[in-house]
Structure formats: C-alpha cells, structure tokens
4 protein chains.
Amino acid sequence: MNFGSDNQAGVSPRILHTLVEAASGIQSAYGNDEWSQRAEHMLGEAFGTPVKVFFVTTGTAANCLALSTIAQPWNAVVCHHMAHIAVDENSAPALFTGGASLLPIATDNGKISAGDLAAFVARTPHDAPHNMVISALSISQVTENGLVYQPQEMAALATQAHALGLRVHMDGARLANAVAALQCHPGDITWRAGVDVLSLGASKNGALMAEAVVFFDQALAQNFSLRIKRSGQLVSKSRTIGAQFCAWLEGGHWLELARHANAMASKLSAALAATPGVRLSWPTQANEVFVLMPIALYEQLRAQGVRCTDWYASSVPAGTQLQAGEVVVRFVSSWSSTDEEIAALMDLVHSHQRQAA
Amino acid sequence: MNFGSDNQAGVSPRILHTLVEAASGIQSAYGNDEWSQRAEHMLGEAFGTPVKVFFVTTGTAANCLALSTIAQPWNAVVCHHMAHIAVDENSAPALFTGGASLLPIATDNGKISAGDLAAFVARTPHDAPHNMVISALSISQVTENGLVYQPQEMAALATQAHALGLRVHMDGARLANAVAALQCHPGDITWRAGVDVLSLGASKNGALMAEAVVFFDQALAQNFSLRIKRSGQLVSKSRTIGAQFCAWLEGGHWLELARHANAMASKLSAALAATPGVRLSWPTQANEVFVLMPIALYEQLRAQGVRCTDWYASSVPAGTQLQAGEVVVRFVSSWSSTDEEIAALMDLVHSHQRQAA
Amino acid sequence: MNFGSDNQAGVSPRILHTLVEAASGIQSAYGNDEWSQRAEHMLGEAFGTPVKVFFVTTGTAANCLALSTIAQPWNAVVCHHMAHIAVDENSAPALFTGGASLLPIATDNGKISAGDLAAFVARTPHDAPHNMVISALSISQVTENGLVYQPQEMAALATQAHALGLRVHMDGARLANAVAALQCHPGDITWRAGVDVLSLGASKNGALMAEAVVFFDQALAQNFSLRIKRSGQLVSKSRTIGAQFCAWLEGGHWLELARHANAMASKLSAALAATPGVRLSWPTQANEVFVLMPIALYEQLRAQGVRCTDWYASSVPAGTQLQAGEVVVRFVSSWSSTDEEIAALMDLVHSHQRQAA
Amino acid sequence: MNFGSDNQAGVSPRILHTLVEAASGIQSAYGNDEWSQRAEHMLGEAFGTPVKVFFVTTGTAANCLALSTIAQPWNAVVCHHMAHIAVDENSAPALFTGGASLLPIATDNGKISAGDLAAFVARTPHDAPHNMVISALSISQVTENGLVYQPQEMAALATQAHALGLRVHMDGARLANAVAALQCHPGDITWRAGVDVLSLGASKNGALMAEAVVFFDQALAQNFSLRIKRSGQLVSKSRTIGAQFCAWLEGGHWLELARHANAMASKLSAALAATPGVRLSWPTQANEVFVLMPIALYEQLRAQGVRCTDWYASSVPAGTQLQAGEVVVRFVSSWSSTDEEIAALMDLVHSHQRQAA
C-alpha cells in the first residue's frame, strides 16, 4: 500500500522498454543524442508551440535553473508559502540564482489569485536599491496542496504578473496530473495562459528520472547550456532522459498515466472523507489527498506498512484548527496504484475505527 | 529641520578632530595601524570582556559578515519581519553567507519574545535535507520600530535561542541609543544576555563612517580576516575607522551623543502625539519617532523643507489600521538635533493644523 | 567506429538488467532505497575500508561537491593544468564551493609529483588574507592525458600534500581503468595512498548514469546531504543510481569492463604509433590514446564516420611542438570496443596513407 | 622612511580640509549628497566625456564590482599573472561576479600586448559549455610591476580585445601616476583607448579612503546601484568619498600629487640601481621601484625602521634568475615622500655596503 509519494512508484513498462532500447549502442553525449532531440520536438508538438528544452535530473534543478533565468541575484520571486521551492528545496533557489530571495504568500484558498498578487506586490517595500526588486512569480500546477488552477485563473494571474513587470515560472512537477484533471490542452495552462518558463516533471508520473526545463519564451534560454553545465546537470549519456520523455509523451501516455493516478486519488479521497474522525484538509483535485486524522490512526497505518506521510501543520487552510491528537497526513496515488491497494488501506482504516469505537 | 535619518547628520567635532589627527603621517595599513588596535582594546573595555573586533565601512557589511559566521549556505536565520537585514539590505545576506535565507517573524508587540521564537521554530518545517536548517537568530537593538529590548527580555530570548541550538547576532546600528535609553551596562544587553556576535554602528551616532563586527564568542572569528578581504571590506588606510571609534568611545562620548538624540526624540514624540490627527505608531523608546499622520500634513512638511520619511505601511502594529489619507512617517533625531529644530517643526505642524481646521 | 568517448558507449547488459529489475515496484526515495544502501556497502567492500557514499548524476557534480568539503570560498585547489575540473567543468567548481579557485600546474611529464607540488606551493604567494589560502590538491586518476599514477607516486604525492596541510581529492571518472591497468587493489591508489575523498565514475565504464562521492575521511561528509540537496543532486528515485553501482561492482564486473577497454586502447595505440606521420602525444596507459596526426587524415577519418576528437593543443607535453598541419587527436576505447572496430579504423588510416603517398 | 606603500601615507592637506568641511552639517545619504554628485560631474570633466560614477570604499570592491558587469558567473577574465585581482584580492572576484574565473597570462615584458592577448585566447580551450567563455580583459595601469602602458599600446590592446568580443576593464588604483608619467590626457589611456569601465583609486594618491567605479560605457551601469547595495558598499554618509574626490580633482591636484610621487621614485630608483649588489627587477616608470638585493641588506634596512616590502619572487621578468641570498624588494614612494627620506635611506644602504665590503 504505497501512498507515500508518486516518486516511490516504479517505472511504467512502456517507458522502461524505451529506456532499455536507448541504452544500447552508441549515441552522442551531452544532449546531442537523437533521443533528446526527438524529445524536444515532441514537447513542442504536445504543447502546440515551438519550445526550447533542456533536460535535467531533478525537479529541484529544473525549478532553480528556470528561476535563474528570470531572477537576478538582487531579485525576489513571489510564490505560495507552501511552494516546493520555498519549503522543500533547501537553499537551492539561492544557489542557482546567485542569491535571489523568495517571498512567500499565504492565501486563504491555497492558490494565488491575480488580486492576491497585486495586493502583495503593492504592500511589499520597493524602495530600490535598499529593498529587493520583485522580478518573477512562481506557481505550482498542481499546487503543493493538491489543487489545480483553472486555465482562466492561470491566465488572469499571469496577465497580472506581466502587468506588474514580472516573469512567470510554473513548477510542473505534476503538470500531467493538472492537464488530466482539467481535460484541457497543455498549452491552455502554460504558454497560452502566459507562462514564460516551465519545469516539467515526468519522474512522479511513471518515469525513472526525467525532468525538463521548457522555455516558451525562448529568449530566456540564452546561455542556458552554460547554466546547465556549471550546475553539474549536463548528463553525458543524455539519452537517458531524452528516451524517457519520448516514451512518456508517445501516444499521450503521460496523460493516460496521470488520469489513472487522479482517478485513484479521487476514490481514496471519497473513502477517507466518509470515515468518521477523518476530514479533508483540501479538496482532492489531482493525485494527492490531504486529510486530518487522529494520530493514533496514522501511527497504526504506518505500523501496518502503509506508506503515507505526516505533513506540515502549516499547510492547512487559514481557518482550519488542528485539534488535539490530530495530524495532517498526505496520501499520494500514482500511475501504478490499484483499487486493491485502496481497498486494503480502507480495510485497515475501518478496522482501526472499530477498535477505537 | 533634519529628521530624515541620523545618518544624514554631520560628524561630532570630537570625532572629526581625532580623524584629522589620525589622517596625518604614516600608519601601517589593512588593520595593522595603531588606531584600529587601540579601538579594539577600548571596545573590550567598554563591554567589560575581551572581544575580537573587525572594522568595516557599512552596517550592511557588518551585519552580513557577522551572519556569515553563524549561517552556512543551507541555513536559515530567524529575524523580525521589519529587520534591516530582511527589508533594507537588498540581497546582501544571501551574498555574504553564500545563500542562507532569512525567516521573518511578525509579532504583535514589535519585538520577538522567547515564546515567539520557540513557537516559530516549532512550526517551521525542519525535515532536513529538504527543508533549511535554522541556525541563528538575529535581533536589532534598537529595533526597526524604535523599540528597546530590556536586558531580561534579551537574556530570555538568547537563552531560548541557545536552547534551540541557534547562535545569536545583534544588529546594533543604534546600540548606543539602546544603552543610553536603558541606562544599563553595554554588556548587560549583549554578551551577558547571550549575544554571540554584534554589529556595532557609530555612523548613525556621530561618526562619519565607522562600523564594527564585535565577536564575544571569539571562536566565530576564525577566518574572519579572509571574509573581510574577499568582500572588499579590508580598508587600506584602516586608521580611518579605528580613529573614529577611539574618539567615539573616549570618555563615554558615544553615550553622551546617544542620550542627546534620545532626549530630542522624546520631546518630539510628545509634541507630535499631542497633535490632533497625529498618532504614534509605536512608543518612542530611543531616537526614532513613528507616527501616522494625514498625508496632506506630511507633504506640506516635506514641501517646507522638513526632512522626514514616509515609512513602510507594513511596519505598523498588527492591530493598527491605516485610515484613508493616513501615512506612516518616521522622524529620526540625532546627536546634533536641537530644541530649535523641534520647535520650528512643531510650528509648521500647528500652522498646517490651523489651515486644515 | 566509436572512439569519440567512453561516455558515448552503450550500457553493459549486466548493468542494464539490474537497472530494469530495480525500476519496478516501490522503493523509498531520496537515497533511502535498498539499492543505494547496498551499493554503499559494496563500495566499502571493494575498497577494503568503511566509506560514506553519496550518489549523484554527473561527474562534474561529484567533483565539485567533493571539492566543496575541502575548499572554503577563500581557498584554492591545486590541480594539473589539463584537469577536468580546470578545463572541462566550466565554472562549476566556483559555484559548488562558493567561490574557491583552482591553481593549475603544468608539469613536464603530465602528472604532478610530490616535488612539483612542494615547489608550486612554495612559490605561490601566501600572504593571507590578501592571497588565497591553498587548502587542497585534486588529482585525476586516470589523468586527462591518459596516464596512470603508480601507487607509490600517489602515496608520495598525498603524503606531501598532507604535510603541507592540504586535503586530497581524486577525480576517479576513470578510476576503474587505473585499477585495471595497475593490477592493484583499489585501496592502494586511494585511501591507503592518502586520498581523503574520491569522485568515482561508472558512467564512462559501462553504466548509464552513475557517479558517486566516496568519503574515506568520513568527517568530511558532515552536512553533505544538505550540499547534495541544495545543488539539485538529490534524486527522488535514487535506486536508479544505486542499482547501477550494485551491478557494476558485483563480481568485479567494473574491472572486467575496464580491462577490456584498456586492452583495446593498447592495441589501437600500437597500431597508430606504427603509422608513418602519426606519433603518440603521451604513452597509452589506460583507455585513451592521444596522437598527433596530419589534419587531413583526421578530417578524412571523421568524414568516414569515425568518432574521435581533435583535442586541446595545450595538452601536449612541454617539449612537443605541433608541426604545421598537425593536430592532436584523442581516441577513447570503451568496454564495448571491438577488434573489428580497430581493424576497420586502421584500414581507413592505411588507405589514407596510401593516397597521401 | 616610508616606502612600504603609498597607502601607508597620510592625507593631503587640501583633501583633508575639504573632508572636514563636508563632514559638518546635514547631507542626504546613500550617494544623494551634493559632494558625490559634484564629484561625478568633475570626473566627467577630467576625462573629457560623460561618465556614470559610483563611489566605493576599497579598490578590491571597485575592481570586483566593475568585473561583475562584464563577466557572468560562467565567464573568464584575462589578466596579467601578477594582477592585483589575481594575486592580492583573495577570492573577491569570484564572490562579486558569482563565480567568474581569472585566466592569468605571464608575459615577457610585464605587460600584455595585443598579440599576447590574441595568442592566449586562441590557445585557450573554448568549447562551450564545457570550457568557460572568455568575456573580458582586465588591465592594470600602472601595472603591478610598476610599468606604464603607452596610449598606443593600450589602444591596440583594447582594440584587439573588442575584436575578440571582450570588454575591457582597467584597474586604475594608480591611474594618476600613469597619467602623470605619460603626460597625456586621462582620456587617452582610458575611454579613447577603448576602456569600458575603470576602477579609479585616490586612496594611494593622497586621499584617505576614496575609490570609484567609472563607466565609460554607461550601459554597463544598469542595476549597478543594486550591486553596490547588496555588496555592502552603499555608504550612508556618502559625502565622505564624494568630498575627497572633489578635492583630489580640483585644480589638477591629483596629478600634482602623482607627479611628485613619480619623481621621488625616479630618484630612488636611480640611486638604488647605482648600488653594487642591487639591481632593478623592472624599469621604474611610475612610483614603484622593484629591485633585487641581498637579503642581508633588506633585513638590516627593515631593522633600521625602513618600511619596504619583500616582494613575490614570481614577479620577476621571465629571464631573471634570483641568486642565492637575493630577494625581491618593493619600494613605493608617495605624494608625501621627501628628498630627505631618500637620502636617509641611501645612507643606510651605503653604510651596509661598507660594512659588507
């Protein structure tokens, strides 16, 4: 019963098969291989616009390298207060940008609205050179609370950002889950909505290790190969990542994988929400389920081998009060989650409830 | 009528006289001059404990170099949300520390209590290596709201910090004003209270350009001369700063200057607080007066040549609401402020009030 | 005919098989997987001493992260003037160390001797804080000229380094080839000889993407997981690298692969050296062959599909003069090179020679 | 007898008088004071072209901030192997540029010629992104060997640099001495010769602490106030530096001071060169005299209170061999050196020679 994280899941057979195929024989190194070049082309096709793409090995590297193109060392980047870049990437944003800062916003509904952004920028000190200069907005789609921005929300937000002179980065570690949830064209929540540069992750959605920085504004890609090299992200056998992206994109496989993960989360969410003593922290919109539950239940589940994670107390909505003995728990489904796993998990939950009653 | 900032004031004649004396003749360079060595000794005398001292040219350099000794690039430093290091030093903390982050706390009373610190650290994600590791607390004394920590408040706070494994830095750009206000021994609010490293500023209190990093924990000073050199702060004619500190400390001149500045602020504060339509934003405890006033009044004062500053709206206490047409204004007195200046300022204020009535 | 680089070769079937096995099913992420833990254990076994190991995705990351543990921002690292870290890793050493510098030595025999090191350190300005402080020596084994340090050379050099107060890093991107060439125990040219920290590469010797930082002095590993995370090298599906190292080490596979590559280079070197107009730039001691040849020959070979690389003119021995129309060319053999490839290459060479005659 | 360094000399009375005048009364801070603005204007007049100027507190800060505008973190800067930025500024260039590297050239005549530059760039590996990308040339005028570039040499060199796509920085810590030596217009060896950005020092030529970054290409100054602030170089009482530059430039005082220093060096050089057992290391062209002398003589002079410095052995011309017991010694004259000091020094030298004979 793995709901620990989608990055603990195995690799989709189709992707693994392609990786094995690519691993044999001679290929040019350092991004000059055929697979990487084909993957870049396929990404342009998938998004419906020409893109410049660079492949890297981790989501942290993708995010922080992307930020380095839109934030000088004296700049600040606005993001949600639970954003992965703000909470879960240690000091990597400062390293890759040479010292830029993050300015986290806490909002009521877990997303940042155009109005939130405008108000935040207005009240942030902006007397340069004493204060930092805000240069960019970074948005996670899916958010770290498992929420999904609608295309029109995203467009309004990016339009506001541009009006304020900010560039827009999207952390798309789970972009596939957002596209699957919205049943929209990938372009509708990215470049058509105003995203300038995207971190696109496949590792959490069926790949082994495959992350990309996708430039919709190709001017930002200037010198990017130098940034990649100097940060230790220029993989010699670059086919490794290119091949995974080819298989991931081929025939819409990425959305197929994401749809399955989302559907599993939806089922799990409904089952957990119907459990006495358990309540959702946030609505389930993609493949992550955030609940508040008694700590005794959480600990018993863990003891019984369920992989799930006690989550940041600071992640709950503004109005929500944790009660005594209550803990936030995150369950993540993946492309490989099964109905049987959910049923087995719920059996354990119900069994605990009976004991506790 | 200069209430713009204490760093717009001129230089105390005693300090200037010593600087002129030091400027003549031959002296070793790079901190090996007699003045710098004497100043270090005098600082130890003033604080009542042996100290290791390095002289630098700006408060930003002093603060950020001090932080670099207690925050590795992957560390975070807790500070008040209006702290100079958080608001007014651009991205210097990240540059000097190699990427450490600041974690600002907003508190109700404008200071950080031991309890505030403990609660903040407890709720901050601390799952290394994903999250940053908090390594230090930085406190401003006088605070950026013009408040002064009592010795026992400071001791409780630093004790809590140490109990949490954090080192303690004090931004003492206006430490002289705090010591003067508290009528305490300088050691009582620094090393005896648990401060590990102090940025000590003289520039705002009668000197021309004289800042120091004072190590109470001398082990932190290891390699500091290398940090000084590589950050462009190793002044060749180092006597420039050493001599100013000698004159500043000699015979308690620093506290004399600070007492005068504080007394002037106290008078001004009382006069402003008694003015209809003007209210204090924070109590006046040292040499800064923060008020809320009608913007029309502020603008007229400025037009009439009064130096004062419209201040960050985000600096007001949590409960305070700015009314329409109201603006935060900072008045700073200095060693050279006079009763006549205050009287002249209040004449303008009263004249405006009569017109407005 | 691939002699372009050993990182253009495919993946050894045994390694690929293990990778496929590891890719399925659930595993903890971020280095907590079973494969990574087993690989760390196997590395300790292989080197005959307990080690602390961290897995990363590129050789540049391995080298520069290793250097960051032995070079503070104000330090300098001595290395050979053709060292990969000095020439081929862009500015990555400065990024990862926060600003440390490299001091390249050009030596007559392509290696650094204990005497070279002592003389270099003695003549390098060392008046701190003005000058940088040399803190480390970095050695490549195999060197970038394809040479191999004998165990006693390595021990003398590291002993000298330690006597000068320097720590010793080894860039072992091709360490397997060195061990195979020397027919020694891996410990004899690493920790027993005085190496403190090793970058160990498998990617050039049959793996897909597998690099490690191996700490023989485990005290240096303090905070290393934070360094890994903040530099974007903490791979979520960390089994990817761990599994490759397991298969690489299993049953001495790594040395088997390296021995084959070395044998192929030896044959190729002899054949090329016997060709009129072609001369060796350096003796062939591992799996790289450096020759000087007429540019016409080089260009024809390339036009005929031979992968080989025109190499840095600055890499030739001090006494060697390039003649007009002569170019340095590097041929690299790999675990997958064949006698047939060499024969086919030599056919082209001889055919060109006949035409030219 | 101070020949230790021109930065050990006192302050010219005219400059000190102006500094005292400026120190009194109220002035805007952070570069908005009247003195700084006047100084910027006067620098434009002195150079005969509009300039954008920023004042800083040390030569290291001036050099490294200037470099940060022409070298991205992945760039390299070519400079002489004895350049102050390469030898005497620790790792400051890497800190201020975010990681750029220096590539030192050793030349036969102590200066870099256009041909030296072209040959060096040609032989430096330039296969991006693996190798660093050379973006700039930095030249010291006066050089660290006390030599002076002729206007036509400088123009040829900068023209060559521009043709190679490099920007040109000049370290003018002793530019006044060069202008005085050449009897040329200051523009002739700076912007008219192709210098893009200049570090201009007054501290070694009669001021107390006054350094400037002078942009001839004003486009490079974009964001420079942010660079200044974040590096702790934005002085609050900025009049301190502005006033010194005003007095320094007023009525050609800077060149007057420099001419005197040069004349003293010339006398000293001739006297030393005529001494048996003492030989010039480099010709004396400005205010520094480099000699090789018996170490016994050097030590006796030091014991007798003469300030002079044993200098880097690596600084001597390529063909020069230090003999046993011979040491390089630097003598620097200043605006305040006197004939009496030189006579007294030479008396000691001759007295030693008699004893030794």
*asked:* Taking side chain as everything from C-beta outward and backbone as N, CA, C, O, which of these in C:Asn32 sits under 4.5 Å from a heavy atom of chain A? Side chain, backbone, both or neither.
replied: neither
*For chain A, the option from C:Asn90, C:Ile26, C:Thr60 that forms the most heavy-atom pairs under 4.5 Å*: C:Ile26
*Might you confirm whether atom CD of C:Gln304 has over 12 heavy atoms from other residues, nucleotides or ligands at distances under 6.0 Å?*
yes
*asked:* Could you check whether any side-chain heavy atom of A:Leu19 comes within less than 4.5 Å of a side-chain heavy atom of C:Val20, counting everything from C-beta outward?
replied: no
*Return the option, out of C:Ser28, C:Ala61, C:Ser24, with the maximum number of heavy-atom pairs under 4.5 Å with chain A.*
C:Ser28
*If only atom types and distance count, is the side chain of C:Lys229 paired as donor or acceptor with the main-chain N or O of A:Ser91 below 3.5 Å?*
no
*Check whether C:Leu234 gets within reach of chain A through its side chain, its backbone, both or neither, counting any heavy atom under 4.5 Å.*
backbone
*Does any heavy atom of chain A fall under 4.5 Å from the side chain of C:Leu16, the backbone, both, or neither of them?*
side chain
*asked:* With a 4.5 angstrom heavy-atom cut-off, is it the side chain or the backbone of C:Ala207 that approaches chain A, or both, or neither?
replied: backbone
*Side chain from CB out, backbone as N, CA, C, O: work out which of these in C:Ile241 comes under 4.5 Å of a heavy atom of chain A, or both, or neither.*
side chain
_Option that, when pairs with chain A are counted at under 4.5 Å, heavy atom only, ranks first among C:Lys237, C:Glu211, C:Gln27, C:His17_ = C:Lys237
*Checking heavy atoms, do the side chain of C:Ser336, its backbone, both or neither come under 4.5 Å from chain A?*
neither
*Locate the shortest heavy-atom distance separating A:Gln233 from C:Gln233; write the atom from each residue and the value.*
NE2-NE2, 3.5 Å
*Among C:Ala9, C:Ala29, C:Ser238, which residue forms the greatest number of heavy-atom pairs with chain A at distances under 4.5 Å?*
C:Ala9
*What residue in A:Ser236, A:Ala94, A:Ser334 has the most heavy-atom pairs under 4.5 Å with chain C?*
A:Ser236
*Counting only N and O atoms by type, is there a donor-acceptor contact under 3.5 Å from the side chain of C:Thr58 to the main-chain atoms of A:Gly232?*
yes
*Among C:Ser203, C:Ala23, C:Ser12, single out the residue with the greatest number of heavy-atom pairs under 4.5 Å to chain A.*
C:Ala23
_Could you report the tightest heavy-atom contact between A:Arg230 and C:Leu95, atom names first, then the distance?_
O-CD2, 3.4 Å
*Taking every heavy-atom pair that is under 4.5 Å apart, which of A:Val56, A:Thr57, A:Asn63 has the most such pairs with chain C?*
A:Thr57
*asked:* For chain A, which candidate among C:Val11, C:Val235, C:Leu208 shows the most heavy-atom pairs at distances under 4.5 Å?
replied: C:Leu208
